[in-house]
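Everything below concerns the one structure shown next.
Please read all numbers here as calculations on a predicted model, not as lab measurements. As a basis for the values below, the full set of heavy atoms in this structure was taken, side chains included, without hydrogen atoms, waters or symmetry mates.
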Amino acid sequence: TLSPLGFTGALLKIIRIGLPAGIQSSMFSISNILIQSSVIGLYSMYYAMGEMSGAYTDPYAMPDTFLQDMSEQLLRAVYENVTVLTLISGILTILFLAIFFALRRKNLFAECALRPVKPSALLWCALAGTAFNVVLSVTISLLPLPEAWFAGLDEQYQYLGESNILLEILSTAVITGLVEEVIFRGLSESRMRRGMPGWLAVILSALLFGVCHGTPIAIGYATLLGAVFSLMNRRYDSILPSVIMHMFFNAAALWFITNDPLLVLAVYLICLGVLLGSLYLYFRHPAEENEPDEMPETEAPSETIDTNQL
């Protein structure tokens, strides 16, 4: 059992080290949000100025409903171009972080624990990410949740998959998966773990990741995803497996779009089997996947045993 003195010491450590680390980790998330907001804001300003200059040269001649119509058109334009805007903001975020750590004479890869792991681990992470998306999406659709929650989720992702497929993969899967893992697992969670128990860092980083996804259903499944990605990070001591899993999770949303119940059931059962197999591998071989490829064994030199020392 933990003595009162030990509990007090742990609490003081969390306050003294964990609280500043949590604030620092939150700043990385806020910087990502600010960059995304700036990109969307600049695009919105450009779009609005173009519409206003084309429609009305005299601002006093604008009808009362113009601003309301403009805001609706602006929101629609942002949603329709969300893939490009996400891609631009993601690239800018990576550039910002690279410059930030370069100025501090630190390596971004080392700071966010982006280390290589065995290809076999990445393969099953890719399969698990795809299967997890299908199983989670179908399961959520069967839950007795409020219709307003489903409507909010549909509105949030209504333009997903309507752009060029290669652009969608690059933006939604590759860039988004990389940026979010670097921010939330590589930088945020790693700094939380410096001053608090690992389980608490996992919970806080998962909650932070979930809240950033907006709508109730998205917050729920993103929090669960954040916890899973954190466990992957802790197992491999690298965010690369969670990056791959995150990328394939997002990519699955681009192709798993069907209303055929038999096809949904078949894909669901296959993915459920893949997910259960991935869980088996996770708990059955907890460490060997992260070990480097074995080197050829060399015969050790024979030693002469001194019988006087026995």
Quick one: pull up [atom1] in [X] and [atom2] in [Y] and give me the separation to the nearest 0.5 Å.
{"X": "D154", "Y": "E147", "atom1": "CG", "atom2": "CD", "value": "9.5 Å"}
{"X": "E111", "Y": "S190", "atom1": "CD", "atom2": "OG", "value": "7.5 Å"}
{"X": "L127", "Y": "M245", "atom1": "CG", "atom2": "CE", "value": "10.5 Å"}
{"X": "I169", "Y": "I175", "atom1": "CD1", "atom2": "CD1", "value": "13.0 Å"}
{"X": "L108", "Y": "K106", "atom1": "CG", "atom2": "NZ", "value": "12.0 Å"}
{"X": "L178", "Y": "I94", "atom1": "CG", "atom2": "CD1", "value": "4.5 Å"}

Using residues 220-229 as the side-chain source, report each donor-acceptor pair under 3.5 Å to any protein atom, sequence neighbours left out, with the distance given to one decimal.
{"residue": "Y221", "atom": "OH", "partner": "Y157", "partner atom": "OH", "Å": "3.0"}
{"residue": "T223", "atom": "OG1", "partner": "I219", "partner atom": "O", "Å": "2.7"}

Trace of the side-chain contact (heavy atoms from CB on, under 4.5 Å) decision for V134 with I270: CA-CA 10 Å; V134 174; I270 293 173; over 6 Å; no
Neighbour count >12 (heavy atoms, 6.0 Å) for atom CZ, F150: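 Yes, the 6.0 Å shell around CZ holds more than 12 heavy atoms from other groups.
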Distance-minimising heavy-atom pair for S238 and V117: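 It is CB-CG1, 4.0 Å.
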Contact summary for M232 and S242, nearest pair of heavy atoms: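 Shortest heavy-atom separation between M232 and S242 comes out as CB-CB, 4.3 Å.
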Step-by-step salt bridge (Lys or Arg N to Asp or Glu O under 4.0 Å) determination, R185 to E189: CA-CA 5 Å; R185 254 65 63 183; E189 185 190 334; 5.2 Å; no
pair [X]-[Y]: side-chain heavy atoms closer than 4.5 Å:
{"X": "E181", "Y": "M247", "result": "no"}
{"X": "I239", "Y": "C112", "result": "yes"}
{"X": "V135", "Y": "Y268", "result": "yes"}

S141: side chain to side chain donor-acceptor pair (under 3.5 Å) partners, not counting sequence neighbours: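 Once residues adjacent in sequence are excluded, S141 has no partner under the side chain to side chain donor-acceptor pair (under 3.5 Å) criterion.
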Test side chain to side chain donor-acceptor pair (under 3.5 Å) applied to N133 - qualifying residues, sequence neighbours left out: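 Side chain to side chain donor-acceptor pair (under 3.5 Å) check on N133 returns S137.
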Cluster check L95, I183: I/L/V/M/F/W/Y, side chain < 4.5 angstrom: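 Yes, because L95 and I183 connect within a single hydrophobic cluster, where side-chain heavy atoms sit under 4.5 Å apart.
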Single-linkage hydrophobic cluster V274~L272, side-chain heavy atoms < 4.5 angstrom: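 In one cluster: no.
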Atom pairs and distances, side-chain donor-acceptor, residues 199-216, under 3.5 Å, sequence neighbours left out:
{"residue": "S205", "atom": "OG", "partner": "A201", "partner atom": "O", "Å": "2.9"}
{"residue": "S205", "atom": "OG", "partner": "V202", "partner atom": "O", "Å": "3.1"}
{"residue": "H213", "atom": "ND1", "partner": "F209", "partner atom": "O", "Å": "2.8"}
{"residue": "T215", "atom": "OG1", "partner": "Q156", "partner atom": "OE1", "Å": "2.6"}

Remaining members of hydrophobic cluster (4.5 Å side-chain criterion), I99: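 When side chains under 4.5 Å apart are linked, the cluster holding I99 also contains L103.
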Side-chain donor-acceptor pair present, E180, T176, cut-off under 3.5 Å: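 The criterion, which ignores hydrogens and geometry beyond distance, is not satisfied for T176 and E180.
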Those residues that, when tested against F248, pass side-chain contact (heavy atoms from CB on, under 4.5 Å) (two or more places apart):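 Only A126, T130, I244 meet the side-chain contact (heavy atoms from CB on, under 4.5 Å) criterion with F248.
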Short side-chain to backbone donor-acceptor contact, S171 and T83, under 3.5 Å: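 A pair under 3.5 Å: yes.
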